[in-house]
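Structure first, then comments.
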Amino acid sequence: MPFNQPPPQLGDQYQQDRVLRSYLRRALPESVLAAIEPELENMGRLAGGDLYHAQLADRLNEPRHTPWDAWGNRVDLIEVTPLWKRAEPLAAQSGLVAAAYERAHGRYSRIHQFALVYLFTPSTDVYSCPLAMTDGAARILAACGNRSLAERAVPRLTDRNPDTFWTSGQWMTESTGGSDVGLSETVATRVQEQGIEQGWRLYGRKWFTSAATSQMALTLARPEGNRPGGKGLALFYLETRGADGQLNNITVHRLKDKLGTRKVPTSELTLDGSLAEPVFGLDNGVRNIAPMLNITRTWNAISAVSYMRRGLALAVDYASRRVAFGAPLSQKALHVETLAGLQVEFEAGFHLVFAVVELLGREEAGEADEPQLNLLRLLTPVAKLMTGKQSVAVLSEITETFGGAGYVEDTGIPQLLRDAQVFPIWEGTTNVLSLDVLRVVTSGSALEALEVEAETLASAVRDPELVDCARQAQQALAHAAKWLSGARAELLEAGARAIAMTIGRATALLLMARHAQWLVDHDGDHSGCYATLIFCRRGVDLIDEQLNHAHARGLMEDRAQ
Ligand code: MFK
């Protein structure tokens, strides 16, 4: 018999997740953890068992678009994969959107929701995408003051009954730009008959509409006569089908042929007189859709850390099964060092995004003060951009930890890397979000709020090695503040990514140090200390004092490379 390598096994994804479980014990009151733990246990079992096996079996399936029926009628049917068909009712019943709006656990409700999402996401092939947009739409509609829209849509978007649950799209991107949304060309026309207003119709082409199977969408369009730019756009609500079941003057042209997230039926579509309703106001569309972006960016960051965790769970298990050069990989110093480097990046991202989730929960419970609101505004793009980059780097290394097997499709490993590549791209690329961070830190008091929070986190730490890590993190933040106050406009822009990453890594390091101290105090467990020390050594302050933008311009000026 030739040798056959035993494949990696995935166990119970809640019970085996030391980082998630210890975080929840520290962050939640005992009564809240006791109330939600059965749900987490159930989701962890499913994610590592039944759902994971269904996901592997579903690997070759993709969504299908049928533009015409046999008799020449335009139907634009989109059929999703079997795993997605299973994911939707599971998501509704598990309250993956609802838990945030039921607020059964007050300001802890977002932790409840996102802990479930974190377990669910890597076993459901990015079904988190429509859920993220659904959550973002519910957040906007619940607060928009448009009572009839809120009463119609919010109960459906937050429903636990799969038969009546709705998902929402977020149709922003046009071919003019996914980043510079103010260039959008879609026009909104007011329809009047005999002087009586009949509503609005939208005309335009949306170039990247994720999850076009949703029952509704929030989208941007320019009311006729409005000025150019994002301020001239307005935020509209539309339902994709009328009461007769027919599409709302929407033509789906094709599904996108993407590098990853291939189960997500992302479409190009044309709105040709689609009935729509302004959510509120007839301008400032970009500003008005921003709360949705901040929610979907949080989902993006949670998804990115959940993918890192999945890759690590498989790689760590595999290391104990794969023998080479006389011993399992789990006993080889260089392999262990490599895995530890990946583990700490995951832990840093985990603590950063759950800090955002805590702030979001406080905000929605009306318990956030001004500095906390500023922190939420700053750390949301920081967490999204940092975890997006981490997830690609970590999953690329994870692929390599399997050697040639990681490069072979039916192990399921390559799909993790391809899917992760979307996290730094959609919902704002790393550079676009770095510029958002730059705007926040140069126009308000968010950085001061972070420095105060850093002092609070540092003061919770007593172990001398952790104290040293916390000091390095505070020095990095002080360096960022000093650099920001001294640099000229072009240099500020050129250095924006380093600033954003430094803020992210320094904040994550402080959060890790605080958690590590708690683990030592409560459990005598030093795993958090090791993680903090290793992460600190990998580099926190990424600001380049020698940055000379003239060099980059000189190098990249328009000539043959
Ligand atoms: C797996 C889970 C996730 C899955 C989700 C999948 C969904 C996929 C579908 C998509 O990809 S949807 C498209 C995602 N697109 C983006 O994220 C857009 C990226 N581009 C930006 O974020 C640009 O910075 C932006 C469009 C906002 C720039 O547009 P503008 O017109 O130049 O806006 P400007 O002047 O920067 O901001 C307009 C206002 O909004 C300002 O307020 P004021 O009017 O009061 O001055 C800004 O302060 C405010 N604003 C912008 N971003 C904000 C914000 N406010 C709060 N939070 C923000 N993030």
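Index from 1, following the sequence.
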Item to check | Distance (rounded to the nearest 0.5 Å) between Ile398 CD1 and Leu312 CG | outcome: 4.0 Å
Checklist outcome for this item: All heavy atoms of Leu220 vs all of Val181, minimum pair found to be CD1-CG1, 3.5 Å
Item to check | From CA spacing to verdict: side-chain hydrogen bond (donor to acceptor under 3.5 Å, both in side chains), Glu174, Thr186 | outcome: CA-CA 8 Å; Glu174 301 195 3; Thr186 296; 2.6 Å; yes
Checklist entry - Less than 4.0 Å between a side-chain N and a carboxylate O, is that true for Arg139 and Glu363? => result yes
Next on the checklist: For Asn294, is there any backbone N or O sitting under 3.5 Å from a side-chain donor or acceptor partner on Lys384?
Outcome noted: no
Item to check | Between Arg205 and Ser175, a side-chain donor and acceptor under 3.5 Å | outcome: yes
Item to check | Shortest non-hydrogen contact from Leu202 toward Ala188 | outcome: CD2-CB, 3.6 Å
Checklist entry - What pair of heavy atoms forms the shortest contact from Phe354 to Ile111, and how long is it? => result CE2-O, 4.4 Å
Next on the checklist: More than 12 heavy atoms of other residues, nucleotides or ligands under 6.0 Å from NZ of Lys258: yes or no?
Outcome noted: yes
Checklist entry - Do we see a donor-acceptor contact under 3.5 Å between the side chains of Glu455 and Gln474? => result yes
Next on the checklist: Side chains of Glu545 and His479 only: does a donor on one sit below 3.5 Å from an acceptor on the other?
Outcome noted: yes
Next on the checklist: Restricting to non-hydrogen atoms, name the atom on Ala340 and the atom on Ile534 that form the minimum distance, rounded to 0.1 Å.
Outcome noted: CB-CD1, 4.1 Å
Item to check | Any donor-acceptor N/O pair, Thr121 side chain to Tyr118 backbone, under 3.5 Å | outcome: no
Next on the checklist: Do the side chains of Arg497 and Asp544 get close enough for a salt bridge, i.e. N-O under 4.0 angstrom?
Outcome noted: no
Checklist entry - Any idea which heavy atoms bring Pro371 and Ala449 closest together, and the distance? => result O-CB, 3.7 Å
Checklist entry - Is Arg297 paired with Glu427 through a side-chain N to carboxylate O contact shorter than 4.0 Å? => result no
Item to check | Salt-bridge contact Glu358-Arg110 (side-chain N to carboxylate O under 4.0 Å) | outcome: no
Checklist entry - What class does the angle between the rings of Tyr307 and Phe423 fall in, given that below 30° is parallel, 30 to 60° is tilted and above 60° is perpendicular? => result perpendicular
Checklist entry - Mind checking whether Phe350 and Phe346 have parallel, tilted or perpendicular rings, split at 30° and 60°? => result perpendicular
Next on the checklist: Whether the side chain of Ser123 engages the backbone of Phe120 through a donor-acceptor N/O pair (distance < 3.5 Å, no angle test) should be reported.
Outcome noted: no
Next on the checklist: Using modelled atom types and a 3.5 Å cut-off, is there a donor and acceptor pairing between side-chain atoms of Asp283 and backbone atoms of Gly232?
Outcome noted: no
Next on the checklist: With a 4.5 Å cut-off on side-chain heavy atoms, are Thr240 and Ser214 touching?
Outcome noted: no
Next on the checklist: Under a plain distance cut-off of 3.5 Å, with no hydrogens placed, do Gln415 and Asp125 share a side-chain donor-acceptor pair?
Outcome noted: yes
Next on the checklist: Given 3.5 Å as the limit, does a donor-acceptor pair link the side chain of Ser109 with the main chain of Gly106, or not?
Outcome noted: yes
